[in-house]
Amino acid sequence: MRILLIEDDPSVAAGVVDALETPSTTVQHARDATTGLAAAASFAPDLVLLDLGLPDRDGLEVCRELRGRGATPIIVLSARGEEADRVIALELGADDYLTKPFGMRELQARIRALLRRTTASPGATEGVRAVGPLEIDPRARRVTLAGEELHFTPTEFDLLLYLADDAGAVLRRPDILRDVWKTEWYGASKTLDAHVAAIRRKLGDPDWIRSVRGVGFRLDAPR
Ligand code: CA
């Protein structure tokens, strides 16, 4: 596995590299946004860890640019604990968010959970799900709406597939967080909202995913 770490703080970087490097995992470290974006192209990482406070460019811009290039999972590491930053990062396509200081075990757990979600498991690759004009193909990880392909981040895709598996039913927040995010971390609830917002925007009609107050979400074709 290849992990790209974009982080200017040498002590944070050293800790992360130390914790994550194993015989089967290579960590490439970039100290600024420019080097990081170049490495994302040449190194072809399986996962990107991205600091938001970089010396040359705003990490949020880097996040947007990385997401524009492809579906590589992104975890944002940030000293900025603000809600707004977290939501913006997730809307720009980050898959998860860790606030500094974080423990290496927590980082490792989040990486494992994210890779579990985004690596196609053979058992979960049955046929195409269709909800009205929306078709979701888990094997190709491809979504079309009325025949037109739409692009989703790995986490958005997993959430959409999860909702589509029980289309028309209201799925409870804690169940979604447990099954899609593999977490019971309460803060992830905001992550869920940000991903729902992004999916609605891509589907072009907010009625695709209805919020049921205090309960959860339901996917269905808009009338
Ligand atoms: Ca920084």
Side-chain angles (χ1 to χ4, degrees), residues 1-22 24-119 152-156 177 181-183 185-195 197-198:
M1 183 168 65
R2 287 192 296 264
I3 296 178
L4 171 61
L5 168 67
I6 309 177
E7 166 67 76
D8 62 322
D9 182 329
S11 64
V12 174
V16 170
V17 170
D18 211 46
L20 299 183
E21 277 224 313
T22 66
S24 59
T25 302
T26 310
V27 182
Q28 174 133 332
H29 173 214
R31 285 167 186 78
D32 56 44
T34 311
T35 321
L37 285 167
S42 59
F43 178 63
D46 300 300
L47 176 92
V48 178
L49 302 173
L50 172 66
D51 176 32
L52 289 189
L54 293 168
D56 53 340
R57 276 177 76 184
D58 191 320
L60 290 172
E61 277 177 43
V62 178
C63 183
R64 191 200 333 247
E65 189 160 335
L66 287 173
R67 183 51 73 227
R69 293 181 188 179
T72 309
I74 302 170
I75 299 179
V76 163
L77 310 174
S78 180
R80 314 176 187 170
E82 290 98 30
E83 191 80 6
D85 272 328
R86 186 189 293 264
V87 172
I88 292 167
L90 295 167
E91 286 193 347
L92 289 178
D95 295 285
D96 206 348
Y97 192 111
L98 268 175
T99 302
K100 292 178 190 171
F102 50 83
M104 290 305 148
R105 285 192 176 195
E106 162 114 58
L107 174 63
Q108 286 162 334
R110 298 285 191 91
I111 290 174
R112 272 197 305 274
L114 180 54
L115 292 176
R116 227 178 5 244
R117 282 194 272 127
T118 56
T119 311
F152 291 92
T153 69
T155 302
E156 288 165 6
L177 291 171
W181 270 266
K182 316 283 185 218
T183 185
W185 171 55
Y186 77 97
S189 206
K190 290 291 172 195
T191 305
L192 171 58
D193 290 314
H195 281 84

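Atoms within a ligand are numbered from 1 in the order they appear, just like the ligands themselves.
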> Of all residues at least two apart in sequence or in a different chain, which pass the salt bridge (charged side-chain N to carboxylate O under 4.0 Å, His left out) check with R57?
Replying inline: E61, E65
> Looking only at heavy atoms, what is the nearest atom pair of I75 and Y97, with distance?
Replying inline: CG2-N, 4.4 Å
>> Return all protein N, O or S atoms below 3.0 Å from the Ca ion (ligand 1), chain by chain in residue order.
In response: D8 OD1, D51 OD2, G53 O
> Nearest heavy-atom pair of L4 and G36: which atoms, and what distance?
Replying inline: CD2-O, 3.5 Å
> When rounded to the nearest 0.5 angstrom, what distance separates CG in L92 from CZ in R64?
Replying inline: 5.0 Å
> Between E156 and R67, is there a side-chain N and carboxylate O pair less than 4.0 Å apart?
Replying inline: no
> Less than 4.0 Å between a side-chain N and a carboxylate O, is that true for R110 and D95?
Replying inline: no
